[in-house]
Amino acid sequence: MNWSDLLAAFALYLVLEGIMPFVNPQAMKRFMLTMAQFADRHLRIWGFISMALGLVLLYAVRS
């Protein structure tokens, strides 16, 4: 892996993160308000699941 791969991945992340606020900002605001009400433990669990799925997908794509 080189720096251009890392920067390309970061650029794709920014594009994907920007889709929802661009397409439907009201839904994004509602989603963020809902997430703010979750307990820290639940957010950590979902964050861990997201990271684990990302690692599995990355491993599958790269191997």
Side-chain angles (χ1 to χ4, degrees):
M1 184 172 109
N2 56 32
W3 284 104
S4 65
D5 288 341
L6 184 61
L7 290 175
F10 185 64
L12 183 58
Y13 164 76
L14 291 175
V15 169
L16 293 174
E17 283 291 315
I19 290 173
M20 190 63 176
F22 178 75
V23 172
N24 194 346
Q26 289 300 321
M28 186 69 183
K29 288 179 184 179
R30 285 192 306 272
F31 174 73
M32 291 302 219
L33 287 172
T34 302
M35 292 295 285
Q37 295 173 357
F38 282 3
D40 288 349
R41 181 170 186 246
H42 291 127
L43 289 174
R44 282 193 180 103
I45 290 170
W46 282 109
F48 178 77
I49 291 170
S50 175
M51 289 188 306
L53 288 174
L55 285 173
V56 169
L57 181 60
L58 182 61
Y59 179 77
V61 168
R62 288 291 184 168
S63 58

Is the side chain of Asn2 donor-acceptor paired with the backbone N or O of Asp5 at a distance under 3.5 Å, no angle test? yes
Same cluster for Leu53 and Trp46 if Ile/Leu/Val/Met/Phe/Trp/Tyr side chains link at under 4.5 Å? yes
Side-chain heavy atoms nearer than 4.5 Å, only ILVMFWY residues, links allowed to pass through others: does that put Ile45 and Leu43 together? no
Determine yes or no for a side-chain-to-main-chain donor-acceptor pair under 3.5 angstrom, with Thr34 supplying the side chain and Arg30 the backbone. yes
How many angstroms lie between NZ in Lys29 and CG in Asn24, if you round to the nearest 0.5 Å? 10.5 Å
Measuring from Leu12:CG to Glu17:CD, what's the distance to the nearest 0.5 Å? 10.5 Å
When you group the ILVMFWY residues by side-chain heavy-atom contacts below 4.5 Å and let the links chain together, are Met32 and Phe38 in the same group? yes
Contact check, side chains of Leu16 and Tyr13, non-hydrogen atoms, under 4.5 Å: no
Cluster link Trp3 to Leu58, ILVMFWY, side chain under 4.5 Å: no
